[in-house]
There are 2 protein chains.
Amino acid sequence: MDNGAAITRRGLTTRPPPSASPVSFDRHAVAVDVVLFTIQDDALKVLMVKRTAAPFRGRWVLPGGVVRSDESVDEAALRELQDKVGIATVYLEQLYTFGDLDRDPRGRVISVSYYAMVDWGHFQLKAPRKLVSARWFPVNRLPNLAFDHRNIVTYALERLRNKVNYTSVAFQLLPQRFTLTELQRAYEVILGQRVDKRNFRRKMLQLGILRNTGEQRAEGRQRPARLYSFTETRVIKFQEKGIIVPF
Amino acid sequence: MDNGAAITRRGLTTRPPPSASPVSFDRHAVAVDVVLFTIQDDALKVLMVKRTAAPFRGRWVLPGGVVRSDESVDEAALRELQDKVGIATVYLEQLYTFGDLDRDPRGRVISVSYYAMVDWGHFQLKAPRKLVSARWFPVNRLPNLAFDHRNIVTYALERLRNKVNYTSVAFQLLPQRFTLTELQRAYEVILGQRVDKRNFRRKMLQLGILRNTGEQRAEGRQRPARLYSFTETRVIKFQEKGIIVPF
DNA sequence: TCAAAAGTGTTTCCCCTACACCCATGG
DNA sequence: CCATGGGTGTAGGGGAAACACTTTTGA
């Protein structure tokens, strides 16, 4: 798929003529599936829930469910997070719509996928997780997932890795106040590679989106770290240089 | 929306408990809408078709239609292009899924949008355009569109402008053999700004994705231009430098 | 005083930008 | 021979990358 790739034609046979009334039939089950990211123990993790019914009973899947008639698709994604995971405040962004015929053995289900991000500490607090059994898995050690959910996670991760490079999404994984080292760790964990400390700090501070709160936090028996906060209320794009056209 | 923006919570009221069988009801009409781009007369244009039925009879809309039960969503988009526009070979990429409740006055319709690109010359040849009346509009001079189709076009254009900077999508608007000036014009027309000729040519040739065919084409009474072709079969990503991590 | 993480500058190099003139052809 | 677009090179500047030591604290 590769970041929104081209659709290539498979054998497109001729089909019956289109129906006269466009909304009268051919209705479809539409589901939402959410890839919820967090950072815990210096690892990027994804939340999975265990299926309690056939098919794939007992297998891990992404939290999600069907879109109801009285809610928008976005609302469905938020509701599923609330219901199944007990989370209200997350960053949520639509990912891709998977519309193949054979995605679900029960029949045709179109899935609109999302990815979401929470700060682990914030999640810990308000997670009753009543009914479903849920579990965080490191993105590089996922269990066997049902349906095509492995693909969805892969795609979400790719999108996330792209986006941290030119937007401030990574901040969604951190608490309101954080140290520069924590921010750097977040980037390293998402990207799966080390980052130079001095260059990282310089770049981040140059962006002008961090406010030094003046507070400090002593973590162990070493020098205390300054606490910063993110100045923007929304996720922003960094100044980006195009290859063809200078920004 | 801004290139896949965050979904913010509106009032999420509590709702009835979820159904036991997930695919049994709450089925939805799902449509595809395609933003088809081309370049003609040094302008970026979008194909619109005229509605022949209520609501919005006589208004311009994107080519599209409902997804049938026996086809994937991608196939539906391709079929609509074939049926309504008579085009078989296009670059097609999924854009975004619009899932709000009030998009369509007839009732709830979830729309999976796509954008597509054709070379104008190639289109000219095999365009019977039998039934529907279709017309190309410059992207900056669109008529009043029905539904939320104006938004979809805006979003498609934004995506296209982003993508030409780090992928080879722009080539999809050109014939198989083209001059560097034609390629530059394509970029200028998409981006809506001028580009330096020498820098552009150097960058493009440096990418190593152009093959000098050795042929030339005399356009008028001036020096003939070399014809190039694109070496890759797929749309590729350019070498991209991240802000945080060197590529 | 030691361990452990926080914090800080500089140099080098490459790539991007800006910019103007000759070339080949048809009329 | 002239008008028109095709084609080419370079110098300067800015930002990215590489790199190591001092500071602050708690134990």
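Every chain is numbered from 1 and lettered A, B, ... according to where its sequence line falls, protein lines coming before strand lines.
One atom, CZ of A/F200, and another, P of C/dA6, lie 12 Å apart when rounded to the nearest Å. Atoms CZ (A/F178) and P (C/dA6) sit 14 Å apart, rounded to a whole Å. Atoms CE (A/M204) and P (C/dA6) sit 16 Å apart, rounded to a whole Å. Nucleotide C/dC23 holds its C1' atom 16 Å from the CZ atom of B/R221, rounded to whole Å. At whole-Å resolution of the value, CD in A/Q206 and C1' in C/dG9 are 13 Å apart. In this structure, the CZ atom of A/R217 is 17 Å from the C1' atom of D/dT24, given to the nearest Å.
Contact between the side-chain N/O atoms of A/K203 and the OP1/OP2 oxygens of D/dG15 is not found at any separation under 4.0 Å.
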Could you run down nucleotides 5-13 of chain D 5' to 3' and tag each one B, S or - for protein heavy-atom contact under 4.0 Å? BBBBBB---
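With sequence neighbours left out, B/F178 forms a ring-ring contact (aromatic ring centres under 6.0 Å, His included) with B/F171. Residues satisfying the side chain to side chain contact (heavy atoms under 4.5 Å, CB included) criterion with A/R221, sequence neighbours excluded, are absent altogether.
Here the side chains of A/F147 and A/D33 are not in contact, with every heavy-atom distance at 4.5 Å or above.
Heavy atoms of other residues, nucleotides or ligands lying less than 6.0 angstrom from CD of B/E219 number 12 at most. Within 6.0 Å of atom CD in A/E215, more than 12 heavy atoms from other residues, nucleotides or ligands are found, so the atom counts as buried in its surroundings.
In this structure, a donor-acceptor pair under 3.5 Å is present between the side chains of A/S229 and A/R211.
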